[in-house]
Amino acid sequence: MAAVSDRLPAFPWDKLEPYKKTAAAHPDGIVDLSVGTPVDPVPQLVRQALIDAADSPGYPTVWGTKELRDAITGWLRGRLGASAAEHRNVLPVVGSKELVAWLPTQLGLGAGDKVAYPRLAYPTYEVGARLCGAEAVVYDDPTELDPAGVKLLWLNSPSNPTGKVLDKAELVRIVAWAREHGILLFSDECYLELGWEAEPVSVLHDDVCGGSYEGIVAVHSLSKRSNLAGYRAAFVAGDADVLGELLEIRKHGGMMTPAPVQAATVAALGDDLHVVEQRERYAARRAALRTALEAHGFRVEHSEASLYLWVTRDEPCWDTVAHLADLGILVAPGDFYGEAGARFVRVAFTATDERVEAAVKRLG
């Protein structure tokens with residue numbers, strides 16, 4: 001076991017503990033803006049669907065129920081503009097982090113193979129490469145990579161941590177390059193419903209992929225759009241051959257989404273009202289925090305989508321973390337996401353209205 005764990009970087013969040021203690025000592029308590037975990041209620045119709053499916057004594061299937069596949073394909077066609085989506089193009093997963101971490105292993109990658117991901121990125125892309133012994137490589141523009149040995153290319157739009165969005169023309173160019181070089185492209189689109197100053201587009205959109213999903217797969221989650229992080233409800237969609245292979249592997253591995261969660265996912269994908277309401281909550285919190293941070297001397301970069309503000313005071317990120325912790329506010333240091341983030345911090349706006357208001361007052 002040590003041989004596997006030794007491949008992995010130190011778990012970054014442990015480094016925040018001293019600053020968390022400092023922030024928690026504030027007389028009015030901590031405002032934790034470090035992790036983008038939902039705090040608002042799970043929509044009632046989703047909870048009811050979970051309750052109604054609670055009597056599920058049998059094993060669920062890895063591919064999911066017909067109702068779930070209908071719900072996913074319907075959402076793909078209606079929301080993402082993926083008009084050719086069929087059942088064979090979808091596969092439920094047990095939360096998107098599990099998929100990201102274990103995908104290179106399930107694809108059979110290993111020593112001598114390369115997994116590429118953005119220079120500023122969610123740390124689990126690197127973890128997935130390390131778990132299987134592949135080489136992790138970073139990029140600014142994926143089409144400038146040496147394609148030799150690159151077996152898996154990760155896109156992330158909207159980006160975590162920066163909120164940057166790749167526009168349709170960029171996606172068309174990257175998809176064409178990956179196909180030209182026979183590189184499997186996975187696009188992490190878990191924040192796609194949360195565009196603020198840009199309209200995120202999926203790689204599965206007809207205008208991007210030409211109506212063919214050959215060589216491309218999109219990753220989606222209900223954690224952010226529907227407050228379902230605790231349900232571990234997510235799915236992948238795209239190339240039927242790739243998903244068929246993953247389905248067979250995951251059957252052997254017992255990677256099944258629980259039946260009540262499948263039913264809850266059907267309900268969540270079938271309702272747009274709760275998504276609109278949640279967006280309104282986040283929009284208000286985002287506006288309040290952005291105004292307060294800028295007045296406090298921060299500069300906001302990118303942040304046109306997602307649940308975060310990517311900000312800097314042009315100083316080392318840990319100095320910023322310490323400064324805000326003294327105000328009772330905990331944020332994530334930018335170097336958690338790569339060396340290029342060493343002078344930034346990531347500020348989540350997923351706290352309650354009351355805690356966001358407290359942060360705004362402290363920054364004032």
Side-chain angles (χ1 to χ4, degrees), residues 13 16 19-48 50 158-163 190-198 200 221-231 233 264 267-268 271-311 313 320-321 323-333 344-364:
W13 295 96
L16 262 186
Y19 302 92
K20 187 174 185 177
K21 289 179 181 177
T22 298
H26 189 280
D28 187 37
I30 188 173
V31 178
D32 192 344
L33 307 179
S34 64
V35 182
T37 187
V39 297
D40 298 303
V42 172
Q44 181 57 43
L45 83 164
V46 176
R47 283 185 274 169
Q48 190 60 52
L50 187 82
S159 162
N160 174 15
T162 69
C190 289
Y191 295 90
L192 184 135
E193 297 268 30
L194 297 161
W196 310 111
E197 295 155 4
S221 167
L222 282 77
S223 293
K224 315 301 185 185
R225 74 184 290 280
S226 301
N227 299 333
L228 296 187
Y231 282 47
D271 178 71
D272 292 330
L273 180 59
H274 78 274
V275 180
V276 173
E277 292 173 346
Q278 189 59 46
R279 277 181 53 87
E280 291 173 352
R281 295 186 190 105
Y282 284 142
R285 293 166 187 165
R286 178 181 184 272
L289 282 170
R290 180 168 191 152
T291 299
L293 286 163
E294 289 178 332
H296 196 77
F298 283 92
R299 185 176 74 254
V300 178
E301 291 198 2
H302 296 302
S303 307
E304 57 261 33
S306 83
L307 290 177
Y308 313 107
L309 294 168
W310 185 241
V311 305
R313 296 203 307 173
T320 307
V321 170
H323 168 72
L324 291 174
D326 286 339
L327 299 178
I329 301 169
L330 188 68
V331 298
F344 287 80
V345 296
R346 193 195 74 172
V347 183
F349 42 89
T350 52
T352 64
D353 291 344
E354 184 274 331
R355 287 289 83 188
V356 168
E357 183 180 354
V360 168
K361 289 180 178 178
R362 295 174 197 184
L363 289 166

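The structure displayed is predicted, hence computed values, not measured ones. Values below: all heavy atoms of this structure, side chains included; hydrogens, waters and symmetry mates excluded.
- The NE2 atom of H274 sits 7.5 Å away from the CG atom of N227 when rounded to the nearest 0.5 Å.
- Here OG1 of T37 is found 6.5 Å from NZ of K224. Values are rounded to the nearest 0.5 Å.
- Here the shortest heavy-atom pairing between P158 and Y191 reads CG-O, 3.4 Å.
- The minimum heavy-atom distance linking A268 with L222 is given by the pair CB-CD2, 3.4 Å.
- The NZ atom of K21 sits 13.0 Å away from atom CG of L330, with the distance rounded to the nearest 0.5 Å.
- Inter-residue side-chain proximity for L324 and L33 is flagged as unmet; no heavy-atom pair is nearer than 4.5 Å.
- Rounding to the nearest 0.5 angstrom, the gap separating the OH atom in Y308 from the OG atom in S159 is 10.0 Å.
- The residue from L309, T162, N160 that alone fulfils the side-chain contact (heavy atoms from CB on, under 4.5 Å) condition with R346 is N160.
- Between F349 and Y282, the ring planes lie perpendicular to each other; the angle is over 60°, past the 30° to 60° tilted range.
- Judged by distance alone, the side chain of S303 and the main-chain N or O of G163 form no donor-acceptor pair under 3.5 Å.
- In this view, Q44 and R47, Q48 satisfy the side-chain contact (heavy atoms from CB on, under 4.5 Å) rule, not counting sequence neighbours.
- The salt bridge (Lys or Arg N to Asp or Glu O under 4.0 Å) analysis of residues 22-33, with sequence neighbours excluded, yields the pairs D28-R355, D28-R362.
- Atoms CG and CZ, from L363 and F298 in turn, are 7.0 Å apart once rounded to the nearest 0.5 Å.
- Contact of the E193 side chain with the Q278 side chain is not registered, since no non-hydrogen atoms from C-beta on lie closer than 4.5 Å.
- With hydrogens and angles disregarded, a donor-acceptor distance shorter than 3.5 Å links the side chain of S221 to the backbone of S223.
- Two residues are said to be in side-chain contact when any heavy atoms from C-beta on lie closer than 4.5 Å; S34 and L16 meet this criterion.
- No side-chain heavy atom of R225 sits less than 4.5 Å from a side-chain heavy atom of R279.
- The salt bridge (Lys or Arg N to Asp or Glu O under 4.0 Å) contacts involving residues 283-300 comprise D40-R285, E197-R286, E197-R290, R285-D353, R290-E294, R299-E301, R299-D314, where partners must be two or more places apart or lie in separate chains.
- Here the shortest heavy-atom pairing between T350 and G36 reads OG1-CA, 3.6 Å.
- Counting heavy atoms from C-beta outward, V31 and H26 have side chains that stay 4.5 Å or more apart.
- Using a 4.5 Å heavy-atom threshold, the side chains of L327 and H296 count as touching.
- Rounded to the nearest 0.5 Å, atoms CH2 (W196) and CG (L307) are 7.0 Å apart.
- Looking at every heavy atom in both residues, A267 comes nearest to V46 through CB-CA, 4.4 Å.
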